[in-house]
Amino acid sequence: VTDLSALGEFGLIERFTRLLSAHPDVVVGVGDDCAVLRCGGSHWLVSCDASLEGVHFRRESAAPEAIGWKAMASALSDIAAMGGKARFALVTLACPPDTDVAWLDALFQGLSAAAASCGAVIVGGDTTRSASGVVLDVTVIGEPLGGRWLTRAGARAGDAVAVTGYPGRSAAGLLALEYSHDAPVLIEAHLHPVPRFAEGQWLAEQTGAHALIDMSDGLLQDAGHVAEAAGLGLDIDPGRLPMARELEKARAWLPGDPAALILGGGEDYELIVALERDAAPALCAEFERRFGLPLTIVGTFEEAGGVRVGGRGYDAAGFDHFKG
Ligand SMILES: [Mg+2]
């Protein structure tokens, strides 16, 4: 393999990871939503996330405030995905010298509004010139509550696959923007995702919750990461997918089946959790009572590797930055 598009995003990460050495204070290293680092007597959750013009956003279709919001929210979501509390953020911004200052002011407003909404403060960063397009990179630092966190890696065979809220809305919102459809709830889900902090923190306290991840790349791909981290596979029951009312209504104009957006659409930043089978129904009921949001059992982690939908292999696994 000589070309990155053949190696793929996950092949590249694996190749780099082989070069890293272990360190006693790295409690969780590469391969989870955050690194968990031992610092003095406590632990820190650390992650970063890049947003590039032309790859993650287009200036023509998104307001600068929304671009900033999403860059910050998607980075902070990785702390929610460990069940942690957001604390600090650093922002690196690269842009061409002719970038409009009012546009940048609005971008920064979005970044800081999203940070504030999650309880984080921006404490620094870097600014530099870019040869083409705007590049944002957000580093986030969080704190595990009560010294507890949930990694991707604890799922057991027989555990339920459960998902918060209504995934698929963000992908549908992007299509609504592209096709100029009036679907404000879906568009809002795409432009202003809200990380599930309170929900993640509560899940991390439950002994019946074994593994946690946030949905950045789609239900199948992200649930697949949880399965893979535990050496398992999974089967999703297509009859149990939580369908948002707005997504059901969008059937009228969507080019395909909305279920495909739930399975393969990214950027919802909902959480996927592996739940002990016997405890799952009560945990879902308590979750819904507490947060006014569904936690839906959509499938099962299984001994047999691979990702299945209704018992059959499914070939639309999320997003790889370098493939196709
Ligand atoms: Mg993540």
Side-chain angles (χ1 to χ4, degrees), residues 8-10 12-14 16-17 26-37 43-52 55-56 69-89 114-115 118 120 136-144 149-155 161-165 167-171 189-190 192-201 203-204 209-230 234 262-274 307 317-322:
E9 181 180 3
F10 301 102
L12 179 69
I13 294 169
E14 201 182 302
F16 282 176
T17 305
V26 180
V27 183
V28 176
V30 178
D32 222 297
D33 293 285
C34 288
V36 182
L37 309 175
H43 291 91
W44 291 98
L45 306 171
V46 182
S47 181
C48 65
D49 202 18
S51 299
L52 280 75
V55 178
H56 299 90
W69 175 285
K70 195 165 181 174
M72 180 60 71
S74 63
L76 288 169
S77 176
D78 280 325
I79 294 175
M82 307 295 284
K85 175 178 154 67
R87 296 296 307 275
F88 308 108
C118 297
L136 271 168
D137 185 66
V138 180
T139 299
V140 292
I141 301 173
E143 184 184 358
W149 59 83
L150 269 179
T151 68
R152 294 179 177 188
V161 181
V163 63
T164 64
R169 296 191 308 172
S170 175
H190 180 69
H192 294 107
V194 178
R196 298 291 188 196
F197 275 99
E199 294 85 348
Q201 288 161 11
L203 287 168
H210 296 159
L212 189 65
I213 192 171
D214 67 327
M215 285 182 62
S216 50
D217 300 330
L219 176 58
L220 289 182
Q221 184 158 325
D222 290 316
H225 292 321
V226 174
E228 210 178 306
L234 67 100
I262 301 176
L263 293 169
E267 301 193 329
D268 284 295
Y269 303 104
E270 294 293 350
L271 300 174
I272 299 170
V273 60
V307 173
F319 189 72
D320 183 304
H321 277 275
F322 303 117

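Counting starts at 1 for both ligands and their atoms, in listed order. Heavy-atom basis, side chains included; hydrogens, waters and symmetry copies ignored.
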What one should report as the nearest heavy-atom pair of Gly168 and Asp268 is N-OD2, 2.8 Å

Correct closest heavy-atom pair for Ala230 and Ala155 would be CB-O, 3.3 Å

Would you say Glu228 has more than 12 foreign heavy atoms packed within less than 6.0 Å of its CD? no

What N/O/S atom of Asp78 is the closest to the Mg ion (ligand 1)?
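Going by distance to the Mg ion (ligand 1), the closest N, O or S atom in Asp78 is OD1.
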
Check your understanding: Hey, which N, O or S atom on Asp33 ends up closest to the Mg ion (ligand 1)?
Key ->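 That would be atom OD1.
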
Handout entry: His192 and Trp69 aromatic ring geometry - parallel, tilted or perpendicular at 30°/60° bounds
Key =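 Aromatic pair Trp69/His192 classed perpendicular.
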
Practice item. Could you confirm whether Asp214 has any N/O/S atom lying under 2.8 Å from the Mg ion (ligand 1)? Key: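 Given the 2.8 Å cut-off, Asp214 counts as a ligand of the Mg ion (ligand 1).
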
